[in-house]
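Numbered from 1 within each chain, the chains take letters A, B, ... in sequence-line order.
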Amino acid sequence: MKDLYTMKESNLKMKDQLREESPFPWIQYVTSCYQCQKCTSGCTSMKHLELKPHEVVKLVNMGLIDELLESETIWTCTECLKCWERCPQGAAPVNLILSLRNLAVKGKAKLPENLLKTVSSLIEIGLIQREQRVPLKNLETVDREKLNLPKLVYPSEEFKGILLSMLEEVF
Amino acid sequence: MMLNMKVAVYWGCKISTSQYSYELSLREVARKLGVELVDIEGASCCGDPIKGLTDLAATYLSARNMALAGVKGSKNLLVPCNRCHLQLSLAKEKMKREGIYSKVNSLLRRENLLFNEKLRLWHPVDFLHGYIGLDKIGSMVKRNLKGVRVAVHPGCGLIRPSKIGRVDESENPKKVDEILKVIGVETIDYPGKLDCCGAMLMYLNRDAALTLAGEKLKAVQDLEVDCLVDTCPNCHEMLDFNQSSASELTGEKISLPVVYLTQLIGFALGIEEGKLGFQLNRSPTEKLLKINFKRVLDGKVKG
Ligand code: SF4
Ligand code: SF4
């Protein structure tokens, strides 16, 4: 089978692999999807970004996975989890979308810039951002110390080493 | 009566590096209720922001933070961020799979840690509602806010997916409403209550994310409530800190006080506003404190 718009070939083996190897056990049931579109009707990212989770599920079930891995679509989900909650078949499209992202990253997809920043902060300090100074109403800025909050204890060097080696495996 | 109990707390990145009003108000409320919060030192990110990149690393991060709580000997862990609470709960489910469990545990052992599957996770919402109890909170109210009307934003991670057990019901959450009722506050139901603030989209598409936040804020503002109440630093950043950007982007005039549940509870328990971090909210909380609250409190402060 071939997608006549993109000329991509269907790869059903890849679909099985995706289901078996996904770190999200809940994607087992994607094959039970009967295209009722309940997921899409309540999808947060449908309105502004035209994400249609039922189409993602359909494409996966047809084996058109390469096509999805290369598309922006999988990077528009806001993880509101409504589709997981409401799917009558337990197909939980959000888990499929996250699985596809994991796969795309392995395949060296270009990451959104803000996510890259987050990853580099994680590698550096183990948190997504450093302690920020925040403004008061009079625009004076304060930090934890000024607010009498306990000093932040950042994670150990040893931990950061382990995390770095894990991230290096994928990137 | 003082309860005098100790509970470990995992703050996560957002609260401990920028959303200080949540940390301040939760610490104050806990102290008032006789709960000693024990910080986990050396905790890292929970993994939620990177689970779309490499879920194994995300699960490892969650498991490690839960293991650190175990080192402190705690059976209970308070997790005030909706996203962290969700991510830790998901990781507990994933760790039931042998393949993941053994990979993650072997990494944990390198720091002499062990995964702690028995750890019970709490969010301030079920902690206040179920652990402390509504009667206890009610008995300590110093400033009854009868006459104040608010809308609640539960946030996605608090209520979905029910499949793995969440803090409140997915389609009809009411714990926050019930807690607020105890301090006299009236909550109203509204059509977009279960809708998302857009926070996770900030990593991917800032304009779309802020548009979602702006739409939610506008809808709530139209209800003519005194404020919007939330329970998550990610939601709060969108609805409070980013309110003016959301307002600009959507072209709507938005000026809506947005406060943490713990700030409101703390206020009702008689804690001074400055200690609850109201000065850190970007949204117009002065309007809330000086006009809306004053209106109902005049002559009603029990002391
Ligand atoms: S709600 Fe479930 S069954 Fe219905 S289209 Fe979406 S994934 Fe398929
Ligand atoms: S989790 Fe993603 S795909 Fe599912 S409804 Fe929300 S935005 Fe749409």
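To the nearest 0.5 Å, atoms CG (Leu194(B)) and CG (Leu81(A)) are separated by 12.5 Å. Rounded to the nearest 0.5 angstrom, Glu168(A) CD and Thr54(B) OG1 are separated by 12.5 Å. The SG atom of Cys80(A) lies 8.5 Å from the CG atom of Asp195(B); values are rounded to the nearest 0.5 Å. Expressed to the nearest 0.5 Å, how far NZ of Lys151(A) lies from CG of Asp39(B) amounts to 14.0 Å. Between the CD atom of Glu131(A) and the OH atom of Tyr20(B) there is a distance of 4.0 Å, given to the nearest 0.5 Å. Residue Ile50(B) holds its CD1 atom at 11.0 Å from CD1 of Ile128(A), rounded to the nearest 0.5 Å.
Chain A forms the most heavy-atom pairs under 4.5 Å with one residue out of Glu286(B), Glu93(B), Glu111(B), and that residue is Glu111(B). Considering only heavy-atom pairs separated by less than 4.5 Å from chain A, the leading option among Ser162(B), Ala208(B), Gly12(B) is Ser162(B). Contacts with chain A were tallied for Pro161(B), Ala199(B), Cys196(B), Cys45(B); Pro161(B) has the most, counting heavy-atom pairs under 4.5 Å. Ranked by heavy-atom pairs under 4.5 Å with chain B, the list Leu127(A), Leu103(A), Thr118(A) is led by Leu127(A). Note on Met200(B), Arg97(B), Lys94(B), Glu41(B): by heavy-atom pairs under 4.5 Å with chain A, the leading option is Arg97(B). In terms of non-hydrogen atom pairs under 4.5 Å with chain B, the most contact-rich of Glu79(A), Glu85(A), Arg101(A), Glu72(A) is Glu85(A). The most heavy-atom pairs under 4.5 Å with chain B, out of Trp84(A), Trp26(A), Phe24(A), Phe159(A), come from Phe159(A). Listed options Pro155(A), Gly161(A), Pro112(A), Gly126(A) were ranked by heavy-atom pairs under 4.5 angstrom with chain B; first place goes to Pro155(A). Most heavy-atom pairs under 4.5 Å with chain B: of the set Ala92(A), Pro23(A), Ser156(A), this distinction falls to Pro23(A). Per-residue heavy-atom pair counts under 4.5 Å with chain A were compared for Ser44(B), Cys156(B), Cys46(B), and the maximum is reached by Ser44(B).
Under 3.5 Å, the side chains of Thr17(B) and Gln132(A) contain no donor-acceptor pair of N or O atoms.
For Glu169(A), the CD atom counts as loosely surrounded, since its 6.0 Å shell holds 12 or fewer non-hydrogen atoms of other residues, nucleotides or ligands. Dense packing is recorded around NZ of Lys287(B), with more than 12 heavy atoms of other residues, nucleotides or ligands lying under 6.0 Å away. Other residues, nucleotides and ligands contribute at most 12 non-hydrogen atoms within 6.0 Å of the CZ atom of Arg206(B). Applying the 6.0 Å contact sphere to CD of Glu113(A) captures no more than 12 heavy atoms from other residues, nucleotides or ligands. The number of heavy-atom neighbours closer than 6.0 Å to OH of Tyr29(A), taken from other residues, nucleotides and ligands shown, is 12 or below. Heavy atoms from other residues, nucleotides or ligands lying under 6.0 Å from NZ of Lys160(A) number more than 12.
When heavy atoms are compared at a cutoff of 4.5 Å, Leu167(A) approaches chain B solely by way of its side chain, counted from C-beta outward. Contact of Thr76(A) with chain B is made through the backbone alone, with heavy-atom distances under 4.5 Å. Only the side chain of Glu215(B) comes within contact range of chain A, with at least one heavy atom under 4.5 Å from a heavy atom of that chain. With a 4.5 angstrom heavy-atom cutoff, Ser99(A) does not touch chain B via any of its atoms. For Leu136(A), the parts sitting under 4.5 Å from any heavy atom of chain B are the backbone and the side chain alike. Heavy atoms of Ala57(B) lying under 4.5 Å from chain A belong to its backbone as well as its side chain. Only the side chain of Ile164(B) comes within contact range of chain A, judged by heavy atoms closer than 4.5 Å. For Thr44(A), the parts lying under 4.5 angstrom from a heavy atom of chain B are both the backbone and the side chain. Residue contact with chain B, scored on non-hydrogen atoms closer than 4.5 Å, involves the side chain of Leu49(A) exclusively. There is no contact between Ile97(A) and chain B, counting heavy-atom distances below 4.5 Å. Residue Lys117(A): no heavy atom, backbone or side chain, is found under 4.5 Å from chain B. For Val105(A), the part sitting under 4.5 Å from any heavy atom of chain B is the side chain, from C-beta outward, and nothing else. Contact of Leu68(B) with chain A is not made at all, since no heavy-atom distance falls under 4.5 Å. Of the atoms belonging to Ser21(B), not a single heavy atom falls under 4.5 Å from chain A. Both the backbone and the side chain of Asp55(B) come within less than 4.5 Å of a heavy atom of chain A. Of the two parts of Leu152(A), only the side chain, counted from C-beta on, holds a non-hydrogen atom closer than 4.5 Å to a non-hydrogen atom of chain B.
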Check step by step if side-chain contact (heavy atoms from CB on, under 4.5 Å) holds for Ile162(A) and Tyr60(B). CA-CA 10 Å; Ile162(A) 298 171; Tyr60(B) 160 67; 3.6 Å; yes
With side-chain contact (heavy atoms from CB on, under 4.5 Å) as the test, would you mind laying out the steps for Val134(A) and Phe241(B) before giving the verdict? CA-CA 10 Å; Val134(A) 297; Phe241(B) 189 82; 5.6 Å; no
Run the side-chain contact (heavy atoms from CB on, under 4.5 Å) check on Met166(A) and Leu107(B) step by step: do they pass? CA-CA 10 Å; Met166(A) 284 189 97; Leu107(B) 294 169; 3.6 Å; yes
Should Thr285(B) and Lys137(A) be marked as a side-chain hydrogen bond (donor to acceptor under 3.5 Å, both in side chains) after you check the CA-CA gap, both sets of side-chain angles, and the distance that decides it? CA-CA 10 Å; Thr285(B) 48; Lys137(A) 303 270 181 203; 3.1 Å; yes
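Between Arg144(A) and Glu23(B), at least one side-chain N (NZ, or NE/NH1/NH2) sits under 4.0 Å from a carboxylate O, which counts as a salt bridge. A salt bridge does not link Arg110(B) with Glu158(A): every distance from a Lys NZ or Arg NE/NH1/NH2 to an Asp or Glu carboxylate oxygen is 4.0 Å or more.
In this structure, the side chains of Pro150(A) and Arg27(B) come closer than 4.5 Å at one or more pairs of heavy atoms.
Across all their heavy atoms, Pro49(B) and Leu115(A) have their closest contact at O-CD2, 3.4 Å. For Leu204(B) against Cys77(A), the heavy-atom pair with the smallest separation is CD1-O, 3.7 Å.
Asn102(A) places a side-chain N or O within 3.5 Å of a backbone atom of Lys51(B) that can act as its donor or acceptor partner. Checked by atom type and distance alone, the side chain of Asn114(A) pairs as donor or acceptor with a backbone atom of Met202(B) at under 3.5 Å.
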